[in-house]
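Encoded as structure tokens, the structure appears first; notes follow it.
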Number of protein chains: 2
Amino acid sequence: MAVTMRDVAERAGVSAITVSRVINGTGYVHEETQARVLAAIEAMRYVPNSLARSLRSQQTSTLALLVTDITNSFWTTVARGVEDEAAAQNYAIFLCNTDEDPAKEDRYLEMLTQRRVDGLLIGPTPDSASMLSRLHTLDIKFVLIDRAVDGIAADTVRSDSRGGAANITQHMLTTGHQRVAFIGGPLTTSTGRDRLNGYRAAHMAAGLAIDTELIKIGSYHRESGRELTSELLAAERRPTAIFAGNNQIALGVLDALVAARMHLPNDMAVISFDDLPGVDGYGPFMTAVIQPAYQIGRIATRLLLERIADARDEVEEIVLPTQLVIRRSCGCNAVPVV
Amino acid sequence: MAVTMRDVAERAGVSAITVSRVINGTGYVHEETQARVLAAIEAMRYVPNSLARSLRSQQTSTLALLVTDITNSFWTTVARGVEDEAAAQNYAIFLCNTDEDPAKEDRYLEMLTQRRVDGLLIGPTPDSASMLSRLHTLDIKFVLIDRAVDGIAADTVRSDSRGGAANITQHMLTTGHQRVAFIGGPLTTSTGRDRLNGYRAAHMAAGLAIDTELIKIGSYHRESGRELTSELLAAERRPTAIFAGNNQIALGVLDALVAARMHLPNDMAVISFDDLPGVDGYGPFMTAVIQPAYQIGRIATRLLLERIADARDEVEEIVLPTQLVIRRSCGCNAVPVV
DNA sequence: CTGAAAGCGCTTACAG
DNA sequence: CTGAAAGCGCTTACAG
């Protein structure tokens, strides 16, 4: 049905292996022979079958990206970086959403090992640990993105959570806020710990004690941000600023503030690790720590391809700097609009 | 090296084909035999090689999603829908960003045909037409998302651009705006035409003539929205509202308004086809036409899988209703904040 | 209910 | 510089 290498070979008057050599640029081929083969390929609109090639050569030129949810703008941008870098090196990318569900992770892992992908880029959760050690025993290469995982020694690319959190906290403390609350993600995640540590470090450096009632630990979801903000607002001594541990929490913070009819930034300042998606300068009045998500994706992919090529032995942990984006209010004491 | 079907067969004391039958649930296998095979699979941690399977069976259970840019929140959400539906049917998804670049489209098409994907989900541009007719001649199944393409008869899933645009325009006209400008995408796209037609239809229905100076046609990019808004602001008789043809244009509109130190919504109302990403109720004060992006992704995938299964002969064009989300200002005459 | 043979379309390893 | 043979790991088609 479809044109095969043998068909091309026949037409060019050579053997299949010569066609293979022309296509892959391996070994010597007489110039004239090569021209004949190329002409035949062109004329017959031959498209090599990479399934057969992969079956024989034991490599697929295919990677997979496992993220918790592509809909989160951080991961969207990471994905774009991954895809650009992969495409540049002629690799294809399988996209998988795990929803932080180990069962889904397992199902994808099965699917991907069956397809013999050359490597995985993974945005892990604490529950991923067992899957990751299985990858190690299966000798499947992978790179972690965004978070390190306890007990797993693996290439990792992430942003400087501790430094970013310290910076933004310090910014608030030096602009007059005495009571900055922190709503963070699980301490079982490296980002949860690092951001909390940064928040703490900034207080230490400023010589300020922390009211432990100002620290709320939940999950990286919008509802969590909403609930914990309500707790903060219900307390006797409210904070004057809330530091959201990621963009989803920040949305929950805004939800709770709107519900309480509080106005930004005068009634409450809100800052966030990770920006809100897309609207750039037009979102709520949030100063934010910006992560180099696109670069994270590109670099992680590069690292993985090196690992696949066995170009490296040591485990690499790459930590990229974050950027503090300061946004002032419009001075109109506006509430986020619904 | 890796465990093969033959290894499993040997251990279970059967032939490879029996193992195959157990795995695929094809043909009869004695219960006891099946149990022995399953035990062997389990014990040896056998993972079938889908490359070999695909090579023989001529199907890969793999689809590809070609979008212009996954970073656009509309496409992100479509991708999520695609991936969920595909995963539910045990299909994997290759993600490809084309950046509206025919050369990139071609490169991906080559990559994907080599990998023998079962079908493609495509967010096309007008320049995709030649690629699409090539797909037809290659007999590769595909479904178009978001836009129809001139001269290409193919399954299509999109939202009701004309109806949505008419609705939102009508909303503005009935709330007192006399001069609603329209900044749309290329008229070579079905969305460009349909949205403009909806805008026009609403005026007709209201018995209002349209000042042709209020209609600006550009591209679906932020810069285009910015430039054309500047033109509108420079005109003698300004509009009182601007209707952006998609979310990127809307961002450009906001850029231009901020630059002109104009305040929303009192100095200028802004409405948009397609919402701004992510921030839901917290973005700028924009009433918007919302597209069911997630459903578009799911339905398109379902359609493609039907097509692959040869379950259908006629070409289907599915048009999903949009939703008008009305957002009022906060009453504080605020400017979008930077 | 089970299997031996052939073949999917390439590349590897060995020759010449 | 080129090729014949073998094999990657499955499933198809045919038997029994």
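All chains are named by letter (A, B, ...) in the order of the sequence lines, taking the proteins before the strands, and each is independently numbered beginning at 1. Computed from a prediction, not measured in an experiment: that's the story for all the values here.
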Practice prompt. Report yes if the side chains of Leu63(B) and Phe142(B) come closer than 4.5 Å at any heavy-atom pair, otherwise no.
Written response: no
Worksheet item: Can a salt bridge be assigned to the pair Asp313(A) and Arg307(A) using a cut-off of 4.0 Å between side-chain N and carboxylate O?
Response: no
Discussion item. I need the CZ-P distance between Arg56(B) and dC10(C), as an integer number of Å.
Written reply: 15 Å
Response to the item:
Whole-Å distance, Gln59(B) CD to dC8(C) P, equals 17 Å
Fill in: Whole angstrom value for the distance that separates C1' of dG9(D) from OH of Tyr46(B)
7 Å
Worksheet item: OP1 or OP2 of dC8(D) sitting under 4.0 Å from any side-chain N/O of Asn49(B)?
Response: no
Worksheet item: Going by an N to O cut-off under 4.0 Å, is there a salt bridge joining Glu317(B) and Arg158(B)?
Response: yes
Discussion item. On DNA chain C, compare the nucleotides closest to Leu55(B) and Glu31(B); which residue's is nearer the 5' end?
Written reply: Glu31(B)
Worksheet item: Phosphate oxygens OP1/OP2 of dT2(D): is one of them under 4.0 Å from a side-chain N or O of Thr33(A)?
Response: yes
Discussion item. Assess the residue pair Glu85(B) and Thr301(B) against the criterion (side chain to side chain donor-acceptor pair (under 3.5 Å)); give the C-alpha distance rounded to whole Å, side-chain angles, the decisive distance to 0.1 Å, and a yes or no.
Written reply: CA-CA 7 Å; Glu85(B) 181 67 28; Thr301(B) 306; over 6 Å; no
Worksheet entry | Which nucleotide in dC10(C), dC1(D), dC10(D) has an atom nearest any side-chain atom of His30(A) | dC1(D)
Item to complete: May I ask you to evaluate whether Ser20(A) reaches the phosphate of dT11(C), defined as a side-chain N or O under 4.0 Å from OP1 or OP2?
Response: yes
Item to complete: Report yes if a donor N or O on one partner sits less than 3.5 Å from an acceptor N or O on the other, where the partners are the side chain of Arg21(A) and the base of dG3(D); otherwise report no.
Response: yes
Fill in: Arg80(A) and Asp69(B) ion-paired at < 4.0 Å
yes
Practice prompt. Starting at the 5' end of DNA chain C, write a dot or bracket for each base, bracketing those in Watson-Crick or G-U wobble pairs whose two distances are under 3.5 Å and using | for partners on another strand.
Written response: |||.||||||||.|||
Worksheet, complete the sentence: Between CD of Glu10(A) and P of dG3(D) the distance, given in whole Å, is 13 Å
Worksheet entry | side-chain N/O Thr4(A) vs dG9(C) OP1/OP2, d < 4.0 Å | no
Fill in: Any Thr18(B) side-chain N or O less than 4.0 Å from OP1/OP2 of dG3(C)
yes
Discussion item. Quick check on DNA chain D: between Ile17(A) and Tyr28(A), whose nearest nucleotide comes earlier from the 5' end?
Written reply: Tyr28(A)
Item to complete: Would you kindly give the CG-to-P distance between Asn24(A) and dC10(C), to the nearest whole Å?
Response: 11 Å
Worksheet item: Separation of Arg53(A) atom CZ from dT12(C) atom P, in whole Å?
Response: 9 Å
Worksheet item: For Gln58(B) and dG7(C), what is the distance between atoms CD and C1' respectively, to the nearest whole Å?
Response: 11 Å
Item to complete: Sequence neighbours left out, what pairs pass ring pair (Phe, Tyr, Trp, His ring centres under 6.0 Å) with at least one residue falling in residues 61-118 of chain A?
Response: Phe94(A)-Phe94(B)
Discussion item. I'd like to know if Arg116(B) reaches the base of dG9(C) with its side chain such that a donor and an acceptor end up less than 3.5 angstrom apart.
Written reply: no
Worksheet item: For Arg312(B), does the CZ atom sit with more than 12 other heavy atoms under 6.0 Å from it, leaving out its own atoms?
Response: yes
Worksheet item: Salt bridge between Asp99(B) and Lys104(B), side-chain N to carboxylate O under 4.0 Å?
Response: yes
Worksheet entry | Spacing of Met5(A) atom CE relative to dG7(D) atom P, expressed in whole Å | 20 Å
